[in-house]
Every structure is written in structure tokens, then in C-alpha cells.
Amino acid sequence: MLRNGFLLTSPLPTTSLINMYSKCNSMTHALTLFNTSSSHHRNVFAYNAIVAGFIANGMSGPALEFYRGMQFSGVTPDKFTFPCVIKACSDVNECLEGRKVHGLVFKFGLEGDVFVGSALVHLYLRFGFIEEAYQVFDELPIRDVVLWNAMINGFAQTGQFGLALEVYKEMGEEGVTPNKFTVTGILSAISMMGDLNSGRAIHGFVVKMGYDSGVAVMNALVDMYGKCKCLRDALKIFEMIPEKDIFSWNSILCVHEQCGDHRGTLGLLDSMLHAGVKPDLVTVTTILPACAHLAALMHGREIHSYMIINGLEKDDGGSFDDVYVKNAVMDMYAKCGSMREAHLVFDKMSYKDVASWNIMIMGYGMHGFGSRALDMFSNMCEAELKPDEVTFVGVLSACSHVGLVSQGQKFLAQMDSLYGVVPTIEHYTCVIDMLGRAGQLEEAYELVSTMPIEASSVVWRAFLAACRLHGNAALAEVPAQQVLELEPEHCGNHVLMSNVYGAVGRYEEVSEVRLTMRQQNVRKDPGCSWIELGDGVHVFVAGDWRHPEDYLIYAGLNSLNAHLYEGGSMPSV
DNA sequence: GTAGGGTTAG
């Protein structure tokens, strides 16, 4: 129990008590003690302990303020003060303030202190000042493992992966043994480079040194194997971690998502919750794209609710994280087909970036609301946001889906001149698709032949699909041969060609194509659809009778077909 | 009596 009487009359040294309070996360008590102590007790030891206490409790801002008060009171800082103050500057992104402190370090003749030096290296590399970091590093008479780590991890975190590996090797040459902090940092750099050989070497070193008892080291290994596309090794390491923390779970979730195993990602979220680990911002930004891919609206909604309840979606003034995670929520709703909910999130965003607008444009276009997509585009330009390549993919595909042909052609023509975005193959594909859908096959062919980029098989497939739709086999034959030669194993090409022939009644050629497919062992993947009901996903494949309620499903389908016939609809073959 | 360095998403 903490009693004021005890606080005031304790015979224990002030500094020890301050440390005790700060370790108990009670900086209020520490401060009260400090403020009620005699000026004799408010010495450099006590000041240092309070500054360190604030930092240890995640309050680096107040730590800096307290340090300013220290300067004002005339107490001289010492070699214990500066490492803390410099760390506090890095914590609150006060690089300029840190530079000023560096000046004082010289004034007090502490530039040779390895503690001060490590903090300075950390500060400078955090803000990308490589020259300054090297200056500090080179001038130090003693280089201990912490200093080396500050260099290696500093480089690893600012994208200088090659430099990180270089310094790591240098460290070994100078005979300094890497510790757990070193290997976590270097593994992070190695995974970003996808350098599996170095990764395996470090893994060996980790085992040899017994560092595999540390959860951070193991997490870094999971991440490294994942980024090097060794899913099995990543999983093996993950399963070996006895006390998995939030990093372990987020890492393995990310590994699955990056491998395109969206179901696996969602399944792991369940296991994570079951293990009693609370999802954080990183977790949800990994899970939301999985929901978007699977069009798992219910799961997506649940995650969004979780975010609201747990304050992960609060508006913190348009920080990068804030905008990013809201874009992820919007994208999930848009891809799951709920533009209403996507728009609700969009409207509530106080800061929107280009991606926010792109998601809305793409979403409206994708779901057949072409004019809304174009409205969004003009609003975006009014809001003075510069459209990018993705914007125009959205705009052009919106035009394509609602048949706004001349509009689309105008956008393609103006992209470069008016908006400074050079059209890519994707943009041409959209316009060719658009012309093809509208039946302007000659014009589409003309564009494929005259565009400044070489046509890919994707472009030709868009053209072939249009030929099929409008029953023009003559125009399709030559490009079809090209595509078949380009990608003989792609079943879509064969199917398209056989469909083109089928559409014009050339059934002999249809069987020819089918025969070639059998001969070349090309198989068509069966079409597949799914629906989310309750907490389960029901998957359907054409001609599939494996569902427990298949008779009900087929009865429903038959009744739907009957309605379609009554309404005058004929299914296309 | 007090101090510096680590892992996950985009």
C-alpha cells in the first residue's frame, strides 16, 4: 500500500523510491515524492530516475518536459541523463531536439561514451541520417554489442538491408558476438531481401547459441521463412514457440495471407482468439484483405465491429495507419459487394488519400454503378487529389461495364495529356474490353494493333471474348492462334476459341479444339461459386451433388430457371 | 543510486 505519510517520512534514498514507483507503473507517486523532497534530494540522480521512469512507462513526451525543467533548475546533466533524453527524442520523433542534445553532449565532453553513442546512432538512423550515425560510430573508442545492434537494426528498419548485412559481417570480423537483439534485427533485413541462404545460416547460428528460447528471435525466424516462401519451415518454427505472443500470431497470419491462403488466414484468426491473444491493428490489416478476397462479408463485418469496440478505428488525425486501416475496411466492404457500408466508412473519413477514392471508384464500377463511379472521379478531382494509374483502371472499367464507350475513349486519350498518367497495358485492356462489349470489334482490333505497348495474352483474351459475344469468328481466328501458341497450357484460351466457333455454328472446329485440349492434356477448372451463411461458407461446383441439401438446392435452381423462361430469358450456351 | 539496442501489416 502507498501512504502519503510513508512517502514523506521515508528514510530510504529518494532515487530508490522513485525507481520502485516507476517499476510499479506509478509515475504519479514518483513525481509526488520528487516534488515533496527537499531541494537537497532533488539532485541529478533523482532527475535521471524520473526521466528514465517516464520513458519506461511509455511517456517520453513528459520525460522531455521534465528534462527541460531540470535544465531550468540548474542541475547539471551527466552521462546517465543523455542516453535517456536522446531515446526520448527518438520516441517522440524530435530529431531536431535530439541534434541539440548532441551539441550538449560535446559541451560536456561525453562524445566518447558508448551509451550516449548508441542512443545517438539509434536516433540518427531512425530518421535516415546515415552520415551522422557513422560519424558517431566511427568516433567511439569502444564498440560493444549494443552499439553494433543500434547500427544493424537502424539500417534494417530504414530499408538499408544491404548495409545491415554488411555491418553484421563487420561485427563478426571485429570479434563481437551477436546476441538475441542482433539476430532479430538481421533476420528482419534478410527476410526483406528474401535471402534464404543467409536466413538459414542465421537459423543455424541461433540454434548453436541457444537463442531459440527467445520468442522475438523465433518470431523473426517465422517471418524470414515466410518472406522466403518457405511456408512449411515458417509453420514448423511457429509451432515450436511455447508462449506465442501477438507478434507470433501476426507473423504466421501474414505468411498465410502472402501465400494467398485466405481461408488459412481466417482459420488462424480463430486459433488466435482461442489461444486468448487479442487481435491488434496489424492483425486486422492482415485479416481484412483475406475477407475481401473471399467476399466474406459477415467475417468482414465482425472484424469491423471488433475494431470499433476496441478503438482500432478511432480518428487520430489522418495518420498513415489511420487512413490505411480505414481503406482496408472500405476495400473489404467494396469487394464484398456492400457499397453502402463502404460509403459510410468513406464519408466518415476526415482524411482521404488517393487509395480511398480509388477503392470507391473501383467498387462502384465493379458492381455496375458506372455513373456513380464517374461521379466519384469528378469529386476526387474537385478535392484536388491527383488521380493515378489505379484510378484510371477503375474509371475505364466502370465505363466498360455500363457501356459508356465514347466517355471511356475520351479518358484514355486524356490520361497522359490532362492528368499526367501514362496508359499501361491494363488501361488498354479495359478499353479493348469496352469496345468489344459494345460490339465495336473493328475498332478494338485497330486499338490492339496500334497501341504503343505490345499486346499481352490478357488483351487478346478480352478481344476474343468480344468476338464470341458478337459471333465474329473471322476476326478471332488469327489472334486466337497467337494466344494458343503464347500460352498453350492456359485452358481459358482453348475454351474461348471453342466458344467462338460454337457461337457461329462451326461445330466441327469446336470438336477440333476440344480434341486438341484432350491431346495436350489441358483441363478446364470447373466453375465454382460460394455463399456465406451463418458462420459457414457453402461452395458449389457445376454438377455437384455432394451438399447435404442438394435436392433442395437443385429444386430451387429449377424453379428459378422456369421463372427465367417465363420472363423470356434464354440461357447462353 | 541511474543509462543505450530487437520481431509482425501496408
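In what follows, every heavy atom counts, from backbone to side chain, and hydrogens, waters and symmetry copies are set aside. Each chain gets a letter, A, B and so on, in the order its sequence line appears, and its residues count up from 1.
- Nucleotides of DNA chain B lying under 4.0 Å from heavy atoms of chain A occupy a range whose first and last members, 5' to 3', are B:dG1 to B:dG10.
- The side-chain hydrogen bond (donor to acceptor under 3.5 Å, both in side chains) test applied to A:Thr81 returns A:Asn48, A:Asp78, not counting sequence neighbours.
- In this structure, A:Asp280 reaches neither bases nor backbone, as no heavy-atom distance under 4.0 Å exists between it and the strands shown.
- Residue-level contact check: A:Gln157 touches the backbone only, with heavy atoms under 4.0 Å from sugar-phosphate atoms and none from bases.
- Residue contacts shown for A:Val121 are absent, as no nucleic acid heavy atom lies under 4.0 Å away.
- In this structure, A:Lys87 reaches the sugar-phosphate backbone alone: every heavy-atom distance under 4.0 Å involves primed, P, OP1 or OP2 atoms, never a base.
- Residue contacts shown for A:Ala49 are absent, as no nucleic acid heavy atom lies under 4.0 Å away.
- If you check every strand for non-hydrogen atoms under 4.0 Å, A:Ser251 touches sugar and phosphate atoms only.
- Scored by the side chain to side chain contact (heavy atoms under 4.5 Å, CB included) test, A:Ser22 finds A:Met27, A:Asn57 as partners (sequence neighbours excluded).
- Using a 4.0 Å heavy-atom criterion, one finds that A:Val116 contacts no nucleic acid atom at all.
- Among the heavy atoms of the strands, none lies under 4.0 Å from A:Asn327.
- Partners of A:Ile308 by side chain to side chain contact (heavy atoms under 4.5 Å, CB included), not counting sequence neighbours, listed by chain and number: A:His304, A:Glu313.
- Under the side chain to side chain contact (heavy atoms under 4.5 Å, CB included) criterion, A:Asn327 pairs with A:Val323, A:Met330, A:Met349, A:Asp353, A:Ala355, A:Ser356, A:Ile359, not counting sequence neighbours.
- Heavy atoms of A:Ala216 sit under 4.0 angstrom from at least one base atom.
- Contacts of A:Lys244 with the nucleic acid, taken as non-hydrogen atoms under 4.0 Å apart, are absent.
- Residues passing the ring pair (Phe, Tyr, Trp, His ring centres under 6.0 Å) test with A:Tyr47, sequence neighbours excluded: A:Phe34, A:Phe66.
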Does the pair A:Tyr168 and A:Trp148 meet the rule for a ring pair (Phe, Tyr, Trp, His ring centres under 6.0 Å), with working shown? CA-CA 8 Å; A:Tyr168 178 79; A:Trp148 285 100; 9.7 Å; no

